[in-house]
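Notes follow the structure.
To find a chain, count down the sequence lines: A is the first, B the second, and so on, and within it residues start at 1.
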Amino acid sequence: GIQVEQSPPDLILQEGANSTLRCNFSDSVNNLQWFHQNPWGQLINLFYIPSGTKQNGRLSATTVATERYSLLYISSSQTTDSGVYFCAVGSGGSNYKLTFGKGTLLTVNP
Amino acid sequence: DVKVTQSSRYLVKRTGEKVFLECVQDMDHENMFWYRQDPGLGLRLIYFSYDVKMKEKGDIPEGYSVSREKKERFSLILESASTNQTSMYLCASSAYLSVSYEQYFGPGTRLTVT
């Protein structure tokens, strides 16, 4: 099956810093989502982005499907951005099923 | 807004008990999913359903069964709970054959089997 690798596994920032999280995948995809898991375990949808670029406030994402990677940008980070960020992909005939990466644990210190 | 709800946030059960985890979505989605999340292993798909009474095994179906009698409700059943089923269980839903396959998740159920 498709492989999903996220980097870095851990990231520590000071409030106000910018960061870039990366997601590499091993096959072509027609579904790619970024999630933020809050401290209570809820997965919050950030972006549905199988290709192209999207922005939502301080967050933006870019997927270059031909090169099999996606990037999540967080600008002017806040302590509430802390948590685990997951990339998940769907491919081929199973594009409605998601395969998750292991996540990036982001800690934003005040 | 899409809303996916799960019957319990925390659940403690004894080994050997039959356990039901319920999930309800309010968006008339065809697809529904059950995942479990474990430290170091990430999220793994247990079962999914693409229509009422239809189901398919995911990556780790052993020890679980599912039921989908109504479109909005998808149940995960642990026939005889074991300690290795202690985990966080997450339900999700998505539309079928649409321009977007975006999945939406419920708040999760932390199950402890003692």
Applying the 4.5 Å side-chain criterion to the ILVMFWY set and letting contacts propagate, would [X] and [Y] be lumped into a single cluster?
| X | Y | answer |
| --- | --- | --- |
| Val113(B) | Leu21(B) | yes |
| Tyr69(A) | Leu21(A) | no |
| Ile77(B) | Val19(B) | no |
| Leu59(A) | Leu13(A) | yes |
| Phe33(B) | Val66(B) | no |

Name the region of [X], side chain, backbone, both or neither, that has any atom closer than 4.5 Å to a heavy atom of chain A.
| X | value |
| --- | --- |
| Tyr35(B) | side chain |
| Leu45(B) | side chain |
| Arg9(B) | side chain |
| Leu90(B) | side chain |

- Tell me, yes or no, whether the heavy-atom count around Ile12(A) atom CD1, taken from other residues, nucleotides or ligands under 6.0 Å, exceeds 12. no
- Query: Are more than 12 heavy atoms from other residues, nucleotides or ligands located less than 6.0 Å from atom CD of Glu56(B)?
  - Reply: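 Atom CD in Glu56(B) is crowded, with more than 12 foreign heavy atoms closer than 6.0 Å.
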- Which heavy-atom pair separates Phe105(B) from Gln42(A) by the least distance, and what is that distance? O-NE2, 3.1 Å
- From the options Thr99(A), Leu43(A), Leu98(A), select the one residue that forms a side chain to side chain contact (heavy atoms under 4.5 Å, CB included) with Leu43(B).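 Of Thr99(A), Leu43(A), Leu98(A), side chain to side chain contact (heavy atoms under 4.5 Å, CB included) with Leu43(B) is met by Leu43(A) alone.
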- Query: Of the listed residues (Gly58(B), Ser94(B), Ala92(B), Pro107(B)), which shares the most heavy-atom pairs with chain A below a 4.5 Å separation?
  - Reply: Pro107(B)
- Do the side chain of Asn45(A) and the main chain of Gln103(B) share a donor and acceptor less than 3.5 angstrom apart?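 Yes; judged by distance alone, with no hydrogens or angles, the pair exists.
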- Message: I'd like to know if the side chain of Gln33(A) reaches the main chain of Tyr104(B), judged simply by a donor and an acceptor atom lying under 3.5 Å from each other, with no hydrogens or angles considered.
- Response: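 No; judged by distance alone, with no hydrogens or angles, the pair does not exist.
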- Give, as side chain, backbone, both or neither, the part of Gln6(A) having an atom under 4.5 angstrom from any heavy atom of chain B. neither
